[in-house]
Amino acid sequence: MHQQQRHLESKIYFPVIIGFPLAIWAIALFFYSGPLILSFEEVPVQRVLGEVTASLVLTLLGFNLLMTTRARWIEKIVGGLDKMYLIHRQSALLALVLLFLHVVVSPRYPEINPGKPLGVLTLLLIFTGIAVSAIPFLKRHLPYHKWLTIHRFMGAFFLLGVFHALLVPTLFSKLPLVRSYILGIAFLGIGSWVYRALLYRWIRPYRSYRVTDVKRLGNAVLALEMAPTGAPLLSLPGQFAFFKFPGIDPGESHPFTIASAPDQNRLRIAIKNLGDFTRSLQKQIKVGCTVKVEGPFGVFTQNRSSAKHQIWIAGGIGVTPFLSMANNFDNSELNVTLYWSVCRKEDAFFDNELQDLAEHNAGLSYKLWVSDENGPLTAEKMPETRNPEKIDVFICGPETLRRSMKAQLLAAGIPKRNIHSEEFSFR
């Protein structure tokens with residue numbers, strides 16, 4: 001029997017990631033007996049606030065660089081790569097605010113110091129990098145390959161920030177505890193950046209596949225089947241991987257959920273036309289194309305639940321993890337109802353497959369919900385929610401569906417720990 005897996009949510013992450021360096025500063029200042037100013041023009045409060053905000057910016061960016069390593073242990077702690085990238089973006093925005101505050105409150109130095117112009121350069125670069133990476137408006141209007149290039153330089157910008165902190169006169173240089181902490185964060189961030197840039201490709205290599213079937217389905221959806229040309233990818237139902245198509249775009253990899261069961265000798269994914277890359281892929285992909293696959297990732301799997309009664313709620317292309325789960329369904333003790341919400345009947349391109357799987361698995365029920373005909377799918381329209389304490393719910397689909405269903409399920413009495421969702425958004 002699987003146990004509920006607990007993970008670190010953003011509402012816990014940020015108090016910890018901000019509170020810990022603040023505690024370090026508080027302890028260090030409590031035992032410090034020297035002056036809090038370094039020149040006659042400074043105000044002690046400005047000096048402390050300037051350096052504290054700088055240390056918080058370095059902390060947030062250092063741990064963000066750690067997240068880019070995609071380490072499995074980090075993924076488990078935060079509850080999946082989708083949650084990790086959500087925290088990553090929120091951290092970047094918070095760092096942007098703190099960086100602005102650092103500039104406002106920091107004392108001004110009249111003397112010439114190499115750290116001063118470096119600080120201005122670092123400010124501009126980090127500000128630009130974070131703004132492009134995390135502000136929704138800029139992300140939507142910047143081509144993905146340009147966004148990715150700027151994002152990859154964040155490690156170099158972080159390194160400049162560390163050099164700036166070491167070259168200007170600082171109070172933390174007189175506080176051994178704070179100095180050790182700052183150097184530790186610097187090592188963490190720079191080490192993560194070097195690992196991701198130079199070592200990652202050797203430690204986490206791509207597996208090679210070849211496209212064996214291409215189906216263009218309704219609503220601008222592309223279904224690909226691939227066969228391994230070497231060792232196959234080993235995944236759990238519901239996980240995703242990063243896919244690179246060298247013949248179409250050699251420099252980028254994109255995340256797609258695996259729709260096939262682990263024991264099938266073909267890897268299947270479904271791709272919806274959502275941007276420049278997917279439009280290009282739909283036009284150029286053909287049988288025989290080489291595909292590089294990295295993974296698997298994600299914890300949106302049934303081993304997160306020990307409940308014998310489950311509801312699976314899919315919206316549009318969010319049905320793909322449930323396709324994998326349904327194709328792997330072999331638990332006679334499990335009772336599952338899958339709701340697939342689509343706008344129009346013709347959008348239900350996997351309807352026949354899911355009906356067939358439900359017919360051959362006694363514990364699996366499948367209900368197609370066409371919102372143009374029946375209105376939006378709600379928790380009230382699901383009879384399975386009437387016994388809330390003994391049911392687990394898995395949700396995958398557009399953000400509006402996830403938020404709406406979560407709120408309704410909580411109102412229906414289903415505990416938050418029993419609601420699992422896939423919130424992956426690479427950008």
| task | May I have the step-by-step check of side chain to side chain contact (heavy atoms under 4.5 Å, CB included) for Leu368 and Gln355, ending in yes or no? | result | CA-CA 9 Å; Leu368 177 65; Gln355 286 188 32; 6.0 Å; no
| task | Begin from the C-alpha positions of Tyr85 and Arg70 and carry the test side chain to side chain contact (heavy atoms under 4.5 Å, CB included) through to its verdict. | result | CA-CA 10 Å; Tyr85 275 108; Arg70 299 178 187 167; 3.5 Å; yes
| Where do Tyr339 and Phe322 land on the ring-ring contact (aromatic ring centres under 6.0 Å, His included) test, with the steps shown first? | CA-CA 10 Å; Tyr339 287 89; Phe322 301 118; over 10 Å; no
| said: Before you tell me yes or no, could you show the steps for Arg268 and Asp213 under salt bridge (charged side-chain N to carboxylate O under 4.0 Å, His left out), namely the whole-Å CA-CA distance, both residues' side-chain angles and the distance that decides it to 0.1 Å? | reply: CA-CA 9 Å; Arg268 179 172 56 151; Asp213 188 40; over 6 Å; no
| task | Show your reasoning for whether side chain to side chain contact (heavy atoms under 4.5 Å, CB included) applies to Thr320 and Phe256. | result | CA-CA 9 Å; Thr320 47; Phe256 298 108; over 6 Å; no
| Residue pair Tyr209, Leu224: steps toward the side chain to side chain contact (heavy atoms under 4.5 Å, CB included) verdict | CA-CA 11 Å; Tyr209 278 76; Leu224 301 181; over 6 Å; no
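Panel note: side chain Gln310, backbone Asp392; no donor-acceptor pair is recorded below 3.5 Å. Remark: the backbone N or O of Gly375 is paired with a side-chain donor or acceptor of Trp369 at under 3.5 angstrom. Remark: the backbone N or O of Ile87 is paired with a side-chain donor or acceptor of Ser91 at under 3.5 angstrom. Proximity of a side-chain donor or acceptor of Ser324 to a complementary backbone N or O of Pro321 within less than 3.5 Å is not detected. Between the side chain of Ser404 and the backbone N or O of Leu401 there is no donor-acceptor pair closer than 3.5 Å. Judged by distance alone, with hydrogens and angles left aside, the side-chain atoms of Lys83 form no donor-acceptor pair with the main-chain N or O of Ile77 at under 3.5 Å. At least one donor-acceptor pair closer than 3.5 Å links the side chain of Glu51 to the backbone N or O of Leu171. At least one donor-acceptor pair closer than 3.5 Å links the side chain of Asn64 to the backbone N or O of His88. Here the side chain of Arg196 pairs no donor or acceptor atom with the backbone of Thr69 at under 3.5 angstrom. With hydrogens and angles disregarded, no donor-acceptor distance shorter than 3.5 Å links the side chain of Arg210 to the backbone of Thr229.
The CD atom of Gln408 lies 9.5 Å from the OG1 atom of Thr385; values are rounded to the nearest 0.5 Å. Note that CD1 of Ile419 is 13.5 Å distant from CZ of Arg402, once rounded to the nearest 0.5 Å. Residue Met84 holds its CE atom at 11.5 Å from CG of Leu86, rounded to the nearest 0.5 Å. Note: Leu354 CG to Ser365 OG = 12.5 Å, rounded to the nearest 0.5 Å. Here Thr378 contributes atom OG1 and Leu409 contributes atom CG; the two are 10.0 Å apart, rounded to the nearest 0.5 Å. Separating the CG atom in Leu93 from the CG atom in Leu98 is a distance of 11.0 Å, to the nearest 0.5 Å.
Residues Lys244 and Pro246 approach most closely at O-CD, 3.3 Å, considering heavy atoms. Minimum interatomic distance between Ile391 and Glu384 (heavy atoms only, all atoms of both residues): CD1-O, 3.4 Å. Annotation for His309 and Lys390: closest pair CB-O, 3.7 Å, computed over non-hydrogen atoms. Taking each heavy atom of Ile17 and Thr59 in turn, the nearest pair found is O-CG2, 3.6 Å. Minimum heavy-atom separation, Asn328 to Pro262: OD1-CD, 3.8 Å. Between Pro398 and Gly315, the shortest heavy-atom distance links the atoms CD-O, 3.5 Å.
Residues that satisfy the salt bridge (Lys or Arg N to Asp or Glu O under 4.0 Å) test with Glu380, not counting sequence neighbours, are absent from this structure. Qualifying side-chain contact (heavy atoms from CB on, under 4.5 Å) partners for Thr290, counting only residues two or more places apart in sequence or in other chains: Ser208, Lys292.
Put simply, the side chain of Leu177 does not reach to within 4.5 Å of the side chain of Tyr181, judged on heavy atoms. A heavy-atom distance below 4.5 Å is found between the side chains of Leu56 and Pro21. Residues Phe300 and Cys396 have side chains in contact (heavy-atom distance under 4.5 Å, counting atoms from C-beta outward). Between Val393 and Asn418, the closest side-chain pair of non-hydrogen atoms is not below 4.5 Å. The shortest distance between side-chain heavy atoms of Leu233 and Pro296 falls below 4.5 Å. Looking at heavy atoms from C-beta onward, Leu22 lies in side-chain contact with Val52 at the 4.5 angstrom threshold. Contact check for Leu94 versus Gln90: no side-chain heavy atoms found under the 4.5 Å cut-off. With contacts defined as side-chain heavy-atom distances shorter than 4.5 Å, the pair Phe158/Ile126 does not qualify.
Heavy atoms of other residues, nucleotides or ligands lying less than 6.0 angstrom from CZ of Arg403 number 12 at most.
For His254 and Phe243, the ring centers are positioned 6.0 Å apart or more.
The only option from Asp351, Asp356, Asn361 that meets the side chain to side chain donor-acceptor pair (under 3.5 Å) definition with Tyr366 turns out to be Asp351.
The aromatic rings of Trp312 and Phe329 stand perpendicular to each other, their planes meeting at an angle above 60°, with 30° marking the opposite boundary.
Side chains of Glu353 and Asn327: a donor on one and an acceptor on the other come within 3.5 Å.
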